[in-house]
Amino acid sequence: MGNKLKVSTNLSCDVLVIGAGGAGLRCAAEILEKKPGASVLAVTKVAHPQKSHTAAAQGGVCAVDPSDLHDKPIYHMFDTWKGSDCSADQNVVKKIVETGWDQLMWLENRGMHFTRLQGGALGKRTFGGHTSGFGSVSSFRAVFDADRTGKSMMDTCWQEAVKGGVSFVPQSVVTELLFKEGRCIGAILFKEKDGEFVSVLAKATVLATGGCGQVFRITTNCRDNTGDALAVILRAGFPVMDPEAVQFHPTGIVGPGILASEALRSEGGILRNKDLEPFMEKYAPKMKELAPRDIVSRAMESEIRSGNGVLNPDHNIEHVWIDLRELPDYVHDVKLKEISGFFKTFVNIDPKKELCPVRSSNHYHMGGIPTTEFGEVQKTSDEIIPGLFAVGECASASFHGFNRLGTNSLLELFTMGKFVGERVVDYIKDGSLTELPKEAGEVTFSQFSKYLEASGKGNIGVIREEMRNLMTAKVGIFRKGNEMAEAMESLNELRKRAEVVALASKTTKMNQDLHQRWELDNLLDIAMITTKGAYERKESRGGHYRDDYTERSEEFDYHTLAYMTEYGKVDLGKRPIDMSIFEAGGEHCEHFKMIPRKY
Amino acid sequence: MADNYSITLDIKRYDPDTKKTWFQSYKLDAGRILRFVDLFRRINNEQDPSLAWGSSCEHGQCGSCAVRVNGKPLLACELLVENAVKDFGTTKFRVEPISIAPVVRDLVVDLEKAYEKVHRAKPYLIKRAPLPPQSSYYQLSPKEIERYEDATRCINCFSCADACISSHKNFIGPNAAMASIVRLMDPREEEKEERLKLLYSEEGIYRCHSSKACSFVCPKEIDVAHFIALAKEGAFRGDNGE
Ligand SMILES: Cc1cc2nc3c(=O)[nH]c(=O)nc-3n(C[C@H](O)[C@H](O)[C@H](O)COP(=O)(O)OP(=O)(O)OC[C@H]3O[C@@H](n4cnc5c(N)ncnc54)[C@H](O)[C@@H]3O)c2cc1C
Ligand code: SF4
Ligand code: FES
């Protein structure tokens with residue numbers, strides 16, 4: 001059956017947007033605003049763009065309000081730079097921060113819902129790491145819609161896309177990019193409902209497939225965040241930047257990994273181990289529960305490693321407790337109503353009376369497909385691939401460096417979405433469609449026929465779980481050279497095991513086993529480059545923490561570029577960190593040199 | 001409360017290649033706080049990788065995982081084993097796809113088709129009201145918003161449409177109708193006529209028999225029927241509007 005795979009339909013369009021989350025659709029909307037009537041196809045793996053993971057973001061989105069006398073763009077730039085552990089690119093930071101508020105207004109004017117103050121203005125919150133006066137006081141910079149800011153933003157983005165006439169291609173995945181003379185000219189898609197492969201020729205192609213958190217066992221990311229576009233890029237011979245830059249959030253609810261806000265700790269929640277000892281005192285005697293995310297995460301993991309964790313038998317996950325029993329009823333019933341509700345809904349626990357199980361969870365990928373400040377995808381640190389763009393969490397421009405501040409991701413989606421849209425419009429002005437190359441689909445079909453022809457034993461889901469456990473244990477919050485070397489060997493073995501697994505059914509129509517088989521290859525690719533990147537980065541920086549190299553080191557003041565055309569053979573290159581704000585020498589430039597990340 | 005339950009899931013299956021439909025029974029020993037999506041995953045990993053089911057966020061926030069359990073539409077990512085046993089008074093569950101669109105395979109339905117109705121209701125601002133002079137955005141008081149805020153929480157899981165006794169005929173459906181009603185209540189929308197035309201059309205809200213099944217099943221606890229009732233009365237803008 002496998003050798004019969006073929007492209008069943010040929011489509012063409014002006015712009016192919018692969019991934020219809022907040023970033024992809026903001027970009028699509030911009031293209032249609034600037035060039036009404038352009039044909040834009042937006043592909044999504046989920047059943048409808050509204051189901052994209054942007055809808056799960058809770059807390060808020062930040063932007064400097066020009067009418068706020070206490071806040072200034074330069075403060076936000078500083079916070080982002082410092083938060084990134086001095087590895088964000090300053091040209092990108094400046095560009096995004098300066099346009100933040102205008103772009104937020106774009107959303108509001110198109111009907112995005114926000115929580116408001118009595119007078120009708122947008123309500124604001126503080127968020128960790130966001131300050132005024134270069135760290136002197138917390139700033140109120142994040143606007144929000146209750147605990148569903150991402151959903152409100154996602155709704156506005158897909159609604160504008162519908163209004164603008166974007167054609168959606170739901171429940172479909174990109175499996176291969178098409179090139180001609182070094183230019184990207186479209187892609188091959190697998191439409192899962194029909195079980196068909198289609199080719200799409202496009203004047204420009206935008207990748208916006210979101211995160212890859214499923215590489216880890218414990219994650220706040222959705223089931224679909226398997227880093228597909230990163231794997232597709234690797235297979236085409238191009239690099240992924242900073243794969244080792246992964247962020248963990250201290251309080252994921254066991255076992256679904258649902259994010260429970262930091263507010264739990266700021267309101268007085270206490271972390272306890274299996275003996276109910278309040279362990280944060282040992283790790284951060286002054287700040288205790290209020291220490292920064294990474295310190296709290298490491299403390300929790302240390303407890304679990306030294307045998308002080310508790311095993312949840314249902315999900316088979318070890319965890320610690322957060323004790324919310326002492327919080328006043330007002331906090332439970334009003335201030336933290338939603339989060340209290342999560343414990344009730346997902347683990348059936350009443351936080352007023354019972355201890356709640358939490359574990360640090362993988363949360364965000366700062367790394368991704370390297371791009372310029374216009375979202376043009378790079379093949380080396382100074383060469384772009386014409387016709388190919390990337391935006392959102394799958395891309396790395398890099399706004400977040402090695403650690404993302406809360407609320408900065410949603411900001412990046414709609415600002416970069418706009419910039420990329422503008423650049424695409426410019427690019428397709430005198431672009432034309434080429435013919436479908438003869439070899440179109442070869443990569444896909446050789447992959448998929450192998451999946452369909454395999455006849456050995458094993459189960460894809462089980463291998464996926466083993467890989468995720470491995471990554472959480474050895475390439476998670478604590479990383480050590482020898483353990484990562486072991487992890488790379490294990491990944492090679494898992495990949496070999498995956499290769500022989502016979503699928504439960506050989507159909508291509510909505511065959512979940514086939515879908516997961518392909519995803520597993522993507523996950524294994526991302527896992528390998530993440531591990532190799534982390535292994536070679538012999539320092540600690542932002543979310544990347546090495547037990548054996550606990551300090552940041554000048555020697556590694558660069559972005560990693562990871563290439564992998566043969567499994568396990570990872571070639572590493574470098575991209576310099578842009579320090580243009582510092583180099584411009586303007587007012588306050590001294591805050592933009594390599595500074596320590598101390599809070 | 002038990003720590004473990006012996007659960008039987010009778011899952012309705014459909015194979016698009018052979019067009020066959022059947023029920024298949026799976027038995028699992030499951031911990032109390034596993035969710036139905038976790039059970040489906042375990043079936044894939046331990047018994048039958050061919051079973052297809054839908055989910056994405058698994059946080060109750062995307063509406064991809066609605067199924068019927070013993071006749072009731074709900075989110076599989078929010079249904080804990082121990083609650084299911086308690087609420088339905090049994091350890092045997094019949095699991096079926098929701099009935100709002102053709103089944104693609106097993107529990108996966110063609111939500112693209114279902115969403116056509118939501119798109120038809122034009123959930124965006126059709127025509128933006130002009131901005132007040134010198135402002136970059138609309139000032140809306142929490143009181144104004146409160147009237148329709150609940151409806152903005154809809155995740156289009158289509159549970160209400162599944163439960164609705166009218167939506168299988170020509171009714172546009174509770175969630176799609178509500179998508180338009182929200183914008184009629186949103187002071188930022190200027191286009192009313194077009195919206196009213198849809199709401200009072202052949203497929204509009206007069207198809208609704210006020211059974212309130214929608215409000216009863218909504219996992220987001222939105223009182224959908226209340227919004228439809230407001231629309232029947234034409235009470236979109238409260239005391240300060242028309
Ligand atoms: C629980 C949680 C809470 C968060 N809270 C906040 C917050 O408060 N503030 C903040 O700033 N950030 C927050 N974040 C981070 C932020 O939500 C994400 O980084 C952001 O939404 C990613 O948007 P995106 O458009 O890049 O990707 P997504 O919204 O994930 O969209 C990706 C799109 O690509 C599609 N896709 C995936 N693979 C393929 C493929 N192979 N082929 C075709 N299409 C594909 C998907 O179906 C989807 O349509 C949070 C994240 C999580 C997980
Ligand atoms: S109103 Fe409720 S039940 Fe209906 S689609 Fe929306 S969230 Fe689902
Ligand atoms: S999977 Fe998103 S609501 Fe259940």
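Order of the sequence lines sets the chain letters (A, B, ...), proteins ahead of strands, with each chain counted from 1.
Rounding to the nearest 0.5 Å places CG of N348(A) at 5.0 Å from CG of L80(B). Rounding to the nearest 0.5 Å places NZ of K509(A) at 8.5 Å from CZ of R105(B). The distance from atom OG of S505(A) to atom CG of L51(B), rounded to the nearest 0.5 Å, is 12.0 Å. In this structure, CD1 on I258(A) lies 5.0 Å from NE2 on H59(B), to the nearest 0.5 angstrom.
Options M510(A), E108(A), K45(A) differ in how many heavy-atom pairs under 4.5 Å they form with chain B, and the most are formed by E108(A). In terms of heavy-atom pairs under 4.5 Å with chain B, the best-connected choice from L117(A), V46(A), I253(A) is L117(A). Looking only at heavy-atom pairs under 4.5 Å with chain A, the residue among V118(B), N156(B), V108(B) that has the most is N156(B). The residue among C57(B), S141(B), P123(B) with the most heavy atom pairs within less than 4.5 Å of chain A is P123(B). Contacts with chain B were tallied for W101(A), W158(A), F342(A), F114(A); W158(A) has the most, counting heavy-atom pairs under 4.5 Å. Counting heavy-atom pairs closer than 4.5 Å to chain B, the top residue among T156(A), I463(A), V462(A), N511(A) is V462(A). For chain A, the option among S50(B), A30(B), A52(B) with the highest count of heavy-atom pairs below 4.5 Å is A52(B). Counting heavy-atom pairs closer than 4.5 Å to chain B, the top residue among K163(A), H53(A), M105(A) is K163(A).
The contact between I145(B) and chain A is made entirely by side chain atoms (from C-beta outward), counting heavy-atom distances below 4.5 Å. No part of C65(B) comes within reach of chain A, as not one of its non-hydrogen atoms sits under 4.5 angstrom from that chain. For L122(A), the parts lying near chain B are the backbone and the side chain together; criterion is any non-hydrogen pair under 4.5 Å. Residue L79(B) does not touch chain A at all, counting heavy-atom pairs closer than 4.5 Å. K151(A) touches chain B through its side chain: at least one heavy atom from C-beta onward sits under 4.5 Å away, while N, CA, C and O do not. N312(A) touches chain B through its side chain: at least one heavy atom from C-beta onward sits under 4.5 Å away, while N, CA, C and O do not. Proximity to chain B (any heavy atom under 4.5 Å) is shown, for N109(A), by both the backbone and the side chain.
When atom types are taken as modelled, the side chain of D155(A) and the backbone of C154(B) share no donor-acceptor pair closer than 3.5 angstrom. R188(B) places a side-chain N or O within 3.5 Å of a backbone atom of M112(A) that can act as its donor or acceptor partner. With hydrogens and angles disregarded, a donor-acceptor distance shorter than 3.5 Å links the side chain of R183(B) to the backbone of G111(A). In terms of modelled atom types and a separation under 3.5 Å, the side chain of K51(A) and the main chain of Q61(B) share no donor-acceptor contact.
In summary, the side chains of S56(B) and R223(A) do not present any donor paired with an acceptor at a separation below 3.5 Å, with no hydrogens or angles considered. Under 3.5 Å, the side chains of E465(A) and N45(B) contain no donor-acceptor pair of N or O atoms.
When all heavy atoms of E58(B) and F346(A) are compared, the closest pair comes out as O-CE2, 4.1 Å.
Using the six-membered ring where Trp is involved, H48(A) and Y115(B) have ring planes that are parallel, under 30° apart on the 30 and 60° scheme.
The existence of a salt bridge linking R116(A) and E144(B) is excluded, since no basic side-chain nitrogen approaches an acidic carboxylate oxygen closer than 4.0 Å. K193(A) and D110(B) are joined by a salt bridge, as a carboxylate oxygen and a charged side-chain nitrogen come within less than 4.0 angstrom of each other.
Here the side chains of D186(B) and H113(A) are in contact, with some heavy-atom distance below 4.5 Å.
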